[in-house]
Amino acid sequence: MSTELLIALSIGIMVSCGVYLILRPNTFPVVVGLTFLSYAVNVFLFAMGGLKVGMPPILDEKVTTYTDPLPQALVLTAIVISFGMTAFLIVLSLRARDNLNTDHIDGKIYLSNFTDNKLIEPTEGSSKDQPERVESTTTSQQDILK
Amino acid sequence: MNYLPIWAILFPLLGGLLQLLIRNKAGVAAQRGLSLILLSGLVLLALWMFIVALQGERYVYYLGNWPAPFGIVLVLDQLSAMMVLLTAVLALMAMSYAMLRQIDQLGLHFHVLFQIQLFGLNGAFLTGDIFNLFVFFEVLLLASYGLMLHGLGQERTKAGLHYVTLNLVGSILFLFALGAVYGSLGTLNLADLALKVGQAPLERQGLIKTAGLLLLVVFGLKAAMFPLYMWLPATYASTSAPVAALFAIMTKVGIYALIRVHGTMFGAEAQGLAYFYQPWVLSAGLVTLFVAALGVVAAQELRRLVTYGVLASVATLLIAVGINTPASLAAALFYLVHSTLLAATFFLLADLISEGREDIGDRLEKAPIMPGAKYLGIVYFAVVVGMVGLPPLSGFLGKALILQSALAHPWYGWIFAVVLGSSLIMLVSMVRAGTLLFYRLPPRDGRAIIPLQKTALLPIYALLFISPLLVLLAHPITEFTQQMAQQLLDLSHYTQAVLANPMQGGH
């Protein structure tokens with residue numbers, strides 16, 4: 001009972017943190033929020049076979065009860081996929097930071113004068129709609145990653 | 001024959017890997033040649049699968065030869081064969097356009113991503129296991145992120161960030177739904193689920209229903225169902241034309257998943273939960289169609305107008321699926337083929353038009369007359385006729401079939417009002433846009449212009465040509481879609497075909 005409560009609470013707390021963070025206006029909190037959500041869903045998937053402590057997931061002659069091995073396999077797949085996706089999103093966020101000169105998710109730029117906290121659209125329209133060659137962009141990506 | 005489904009998945013995967021290997025060694029020409037060979041091969045393979053599936057049998061491939069509810073299965077039936085064929089034809093045309101316009105050279109790995117995208121799409125259409133469906137969704141999404149951002153540019157990065165984030169949230173919801181399905185039913189095989197949902201105890205039904213509605217949210221996000229459609233106009237309008245044309249099938253993946261997963265899990269055998277999702281789908285479809293019509297009116301750019309046209313076609317499909325009779329399902333499948341091809345045509349055409357208008361681009365303003373305006377104007381006229389649903393093109397037939405099937409539905413008044421009203425609104429705005437683009441334009445004032453690249457019209461003509469073909473062959477095609485709808489609704493045969501022959505694998 002107490003394990004179930006613990007698992008349920010931790011999933012709930014992680015989901016609420018994740019939802020709060022993905023509603024933030026900057027890319028970094030959004031990435032962290034998505035990570036929280038994927039942790040939560042991994043624990044959720046893991047718990048879906050039913051919680052049994054200390055039981056083997058594969059056939060063993062000495063025991064009679066098992067934990068369900070399938071959710072463990074599913075979690076493994078989910079972890080790998082969410083890991084890859086997060087990595088991609090981080091690179092894309094860096095790319096957007098470089099490309100839009102801001103880390104606001106809508107590409108808006110904060111005025112340097114923070115008193116009225118207004119947002120403006122980016123004014124430099126020069127590179128707008130003009131696809132750049134990737135050769136040049138990959139080098140700048142490497143610069144960021146250094 | 002049972003090996004067919006796996007071939008349709010392996011072929012683009014191996015093709016993508018091969019593309020990756022030859023890129024540095026053999027150069028652009030070899031890469032393009034290989035791409036054409038691979039895509040034509042895929043079309044032929046899909047055609048073969050389609051002809052085989054027409055016989056009415058289901059071909060099941062057991063991966064690793066594990067018996068059905070335990071291992072992963074791939075199922076080839078008429079619907080999946082049709083989707084694979086549609087994807088292959090669309091991909092060939094989009095890729096030819098990209099090559100003719102040099103769009104594949106804007107960045108690295110266009111050809112690789114394209115093949116991987118097809119790998120994910122074919123996998124999603126052929127799998128018979130919902131966790132596997134999730135995996136293929138991720139594959140096609142990851143490739144689509146790459147394709148969508150291909151060539152970069154500010155607008156594209158901004159829209160791409162939203163697209164990626166939204167789809168990641170969608171994937172997480174998908175996993176929650178899968179967890180709830182597995183936790184309450186103990187299986188992830190679609191055929192097995194169809195049996196287990198009906199036998200589920202009453203106290204589990206709430207959880208199953210929640211999982212079903214969560215899945216509806218996920219597929220609705222893919223299909224751009226109201227209120228989850230906001231990402232679509234920005235994404236499709238900012239990406240390159242051939243990618244947008246290929247993405248015409250991406251929204252249909254959501255519709256396909258809805259028909260396949262919900263139609264199977266919560267089909268006639270689900271007892272208390274049978275078709276519980278239909279009112280949700282129908283009302284969401286009606287609202288989406290209304291919103292899409294407003295979007296078409298409000299669009300300031302041609303490409304944005306086309307994206308709302310895509311949204312309208314998705315909404316019409318949702319309505320047809322929501323009506324839920326064999327006739328409406330058959331009409332939906334007919335309309336799905338028509339709308340996918342026509343949306344792709346429109347995206348390619350919009351790209352050529354905006355190219356001819358130089359710095360004014362695709363904004364809906366008066367501009368000096370574009371080169372080759374008569375060719376483009378004729379195609380624009382035909383595409384609008386098809387998209388709005390006027391005779392004699394296939395859009396009319398599709399909408400007529402859907403409305404005919406709606407007559408028996410208690411909400412038929414609403415369905416007729418929204419479908420016909422939105423068609424009228426779309427017709428008026430698209431005609432207004434056409435007038436701005438093609439009529440009474442000032443002549444060119446001697447500035448250097450880029451002539452219209454006539455070869456780039458070929459894939460557009462080829463795609464457009466299918467629309468009158470759908471009308472001319474309407475009788476056999478509607479008979480076929482009716483047969484397909486019957487096959488989809490015949491769940492007992494589906495479950496038998498998937499579950500009843502373990503360990504044979506079809507040698």
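Numbers restart at 1 for each chain; the letters A, B, ... are given by sequence-line order, proteins then strands. Heavy-atom basis, side chains included; hydrogens, waters and symmetry copies ignored.
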Open item on the list: At under 4.5 Å between heavy atoms, what parts of residues 67-74 of chain A are in contact with chain B? List them by residue number.
Closed with: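 Those residues of residues 67-74 of chain A which have a heavy atom under 4.5 Å from chain B are D68(A), L70(A), P71(A), L74(A).
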Heavy-atom count check: over 12 atoms from other residues, nucleotides or ligands less than 6.0 Å from [X] [atom1]?
{"X": "Q102(B)", "atom1": "CD", "answer": "yes"}
{"X": "F131(B)", "atom1": "CZ", "answer": "yes"}
{"X": "Y182(B)", "atom1": "OH", "answer": "yes"}
{"X": "Y39(A)", "atom1": "OH", "answer": "no"}
{"X": "Y66(A)", "atom1": "OH", "answer": "yes"}

Open item on the list: Side chains of V164(B) and M85(A), heavy atoms from C-beta outward: is any pair under 4.5 Å?
Closed with: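 Answer no - side chains too far apart.
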TODO: For residues V15(A) and F176(B), determine if any side-chain heavy atom of one lies less than 4.5 Å from a side-chain heavy atom of the other.
DONE: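 Of all side-chain heavy-atom pairs linking F176(B) with V15(A), at least one is under 4.5 Å.
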Using non-hydrogen atoms and a 4.5 Å limit, figure out which bit of [X] sits close to chain B: side chain, backbone, both or neither.
{"X": "T27(A)", "value": "side chain"}
{"X": "I81(A)", "value": "side chain"}
{"X": "V30(A)", "value": "side chain"}

- [ ] Find the distance between CG (L92(A)) and CG (L161(B)) and round it off to the nearest 0.5 Å.
- [x]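 Here the interatomic distance stands at 5.0 Å.
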Open item on the list: I need the N132(B) CG to T77(A) OG1 distance, nearest 0.5 Å.
Closed with: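 Spacing of CG (N132(B)) from OG1 (T77(A)) equals 9.5 Å.
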Task: With L166(B) via side chain to side chain contact (heavy atoms under 4.5 Å, CB included) - residues at least two apart - done: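 L166(B) satisfies side chain to side chain contact (heavy atoms under 4.5 Å, CB included) with L221(B), W231(B) once adjacent residues are dropped.
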Task: V80(A): partners by side chain to side chain contact (heavy atoms under 4.5 Å, CB included), with sequence neighbours left out - done: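 Not a single residue meets the side chain to side chain contact (heavy atoms under 4.5 Å, CB included) criterion with V80(A).
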Do you know which two heavy atoms are closest between [X] and [Y], and how far apart they sit?
{"X": "Q154(B)", "Y": "N99(A)", "result": "NE2-O, 3.4 Å"}
{"X": "K158(B)", "Y": "I105(A)", "result": "CG-O, 4.3 Å"}
{"X": "I172(B)", "Y": "S38(A)", "result": "CD1-N, 3.9 Å"}

TODO: Would you mind checking which part of F70(B) comes under 4.5 Å of any heavy atom in chain A, side chain (CB onward), backbone (N, CA, C, O), both or neither?
DONE: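 Neither; nothing under 4.5 Å.
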Task: chain A contact via L173(B) - which portion, at a heavy-atom distance below 4.5 Å - done: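 Neither the backbone nor the side chain of L173(B) comes within 4.5 Å of chain A.
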Open item on the list: Only pairs of heavy atoms separated by less than 4.5 Å count here; which of G179(B), G186(B), A180(B) has the most with chain A?
Closed with: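 When all of G179(B), G186(B), A180(B) are compared, G179(B) has the most.
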Task: Heavy-atom pairs under 4.5 Å with chain A, option from L188(B), V135(B), L175(B), L141(B) with the top count - done: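 Among the listed options, the one with the most contacts to chain A is L175(B).
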Donor-acceptor list for residues 237-247 of chain B side chains, cut-off 3.5 Å, not counting sequence neighbours:
unit_1	atom_1	unit_2	atom_2	d
S238(B)	OG	A234(B)	O	2.8
S238(B)	OG	T235(B)	O	3.3
T239(B)	OG1	M148(B)	O	3.1

